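Residue numbers begin at 1 in each chain, while the letters A, B, ... track the order of the sequences. This structure is a prediction, so every number in the text was calculated from the model and none was measured.
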Number of protein chains: 2
Amino acid sequence: MSPAATMTMDTAERAILDVADALFYERGIAGVAMSEIRDASGVSLRRLYALYPSKRELVAAWLDDRHRRWMLWFTTAIDRHSAAGVNALLAPFDALGEWAASPGYRGCAFLNSLAETAEIDDTHKAIIADHKRSLIDHLTLLVARDLPESAAWLPAALGVLIDGAIIQSTVFETDEPIRAARRAASRLLECTS
Amino acid sequence: MSPAATMTMDTAERAILDVADALFYERGIAGVAMSEIRDASGVSLRRLYALYPSKRELVAAWLDDRHRRWMLWFTTAIDRHSAAGVNALLAPFDALGEWAASPGYRGCAFLNSLAETAEIDDTHKAIIADHKRSLIDHLTLLVARDLPESAAWLPAALGVLIDGAIIQSTVFETDEPIRAARRAASRLLECTS
DNA sequence: GTAGAGTGAGAACCATAGTTCTCACTCGGG
DNA sequence: CCCGAGTGAGAACTATGGTTCTCACTCTAC
């Protein structure tokens, strides 16, 4: 979940997206003014608006960027835990546990953004749904590889457990829901195999 | 989930809370101006501010009111499905299915509000956490009654499945996640008993 | 050297919305 | 009838923040 460099992106764009990520995640979209993005990134409002013609488009670019970075972090964390001997279908919950324990954790940026912008912007909604679909797609891959005989609904169920765990860990500010979800997933795997 | 009358509440308060519920749920807290609450409820700004000294306090009163109404609806729906022969621990998912299919469904008002107001208002955060805790408490009761020998983590796991199902049904705008959660819950119950 | 394009700093513009205030009206009690 | 408390309608005040504009500066091309 750390800033990533992309070949085809100049330093101003990179600075803007990094700052947007930090601020939007911490305080929500409506809680961050464009002038704060300017102050924190050092990119003038003029250039900012030249790159992103409106705040909505900046938000869309941020969500897109965060989607890529988050998925990379998530899949990497799963692989790392798998390599350490954890069942690959339980590793996602260990990854969530790490995340929830990290400083500044405020839950899923995509779910948070949905509540803020749902009425206004269909583009944002689409990006958010795509993100969650990607997550489930990845789970589907893992299931197909490690537990090919399991029920067809297993990836969807794991996805529900993951999002439920993220949400509740945010509401309750504890990782207990993540551990409960992990136990439930573990039981599901036993009963399915 | 329909407006409810309370003995100790005059008509103005009731009108305000009903209107607040409709508007805040549909468009989010930030998306509704106090003047719209006035227009839709017919209560002047003066009386509105006499009853609730600030928007934040109105929001708190709304969350509180909605909590009571939602829990009543939820427990009633569970009882209804149970009476119709559904396992009481699966009935919550049938209730969610009904809810998600109802017109104007926009997910959980409490989870939506959390993203909007988390930074600002600890009172709101506390109400939201209490609401979710109430939900899990009710699940705990149901489990204690119907499956007393089950694992201690079962109510928490059901709670995670429920919130995950609500969130994903909102993101994807389909009841598929609710059905997936129900299947997972069903499997958990089998394996635990 | 000079014109012109691009840029930064920040003021300006404008819309929105939370909150308060003004003023006229009503209505019950003396 | 008259007073004062309460109220509605809505203007007014104020702050915020998205977006645009001004002006001075720089740097390149000729």
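- Here the C1' atom of nucleotide C:dT19 and the CG atom of B:L58 are 14 Å apart, to the nearest Å.
- Applying the ring-ring contact (aromatic ring centres under 6.0 Å, His included) criterion to B:H67, with sequence neighbours excluded, gives B:H131.
- By the ring-ring contact (aromatic ring centres under 6.0 Å, His included) test, A:H81 is found to be paired with no residue, residues two or more places apart in sequence or in another chain being considered.
- Applying the salt bridge (charged side-chain N to carboxylate O under 4.0 Å, His left out) rule to pairs touching residues 133-145 of chain A yields nothing, sequence neighbours excluded.
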Detail all sub-3.5 Å separations between protein N/O atoms and N/O atoms belonging to nucleotides 11-18 of chain C.
| unit_1 | atom_1 | unit_2 | atom_2 | d |
| --- | --- | --- | --- | --- |
| C:dG18 | OP1 | B:K55 | NZ | 2.6 |
| C:dG18 | OP2 | B:M34 | N | 2.5 |

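- Rounded to whole Å, atom C1' of C:dT20 lies 13 Å from atom CG of B:L48.
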Pull out every protein N or O sitting under 3.5 Å from an N or O of nucleotides 4-8 of chain D, one pair per line with the distance.
| unit_1 | atom_1 | unit_2 | atom_2 | d |
| --- | --- | --- | --- | --- |
| D:dG8 | OP2 | B:S44 | OG | 2.8 |
| D:dG8 | O6 | B:R46 | NH1 | 3.0 |

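- Applying the ring-ring contact (aromatic ring centres under 6.0 Å, His included) definition to pairs two or more places apart or across chains, those involving residues 21-47 of chain A are A:F24-A:W62.
- Listed by chain and residue number, nothing satisfies the side-chain hydrogen bond (donor to acceptor under 3.5 Å, both in side chains) test with B:T76 (two or more places apart in sequence, or in another chain).
- One interatomic measurement links the two molecules: CG of A:D39 to C1' of D:dG17, which rounds to 13 Å at whole-angstrom precision.
- Screening residues 160-189 of chain B for ring-ring contact (aromatic ring centres under 6.0 Å, His included) gives no qualifying pairs among residues at least two apart or on separate chains.
- Listed by first and then second residue, the side chain to side chain donor-acceptor pair (under 3.5 Å) pairs that reach into residues 33-49 of chain A are A:R27-A:E36, sequence neighbours excluded.
- A salt bridge links A:E98 to A:R80: one of the charged nitrogens lies within less than 4.0 Å of a carboxylate oxygen.
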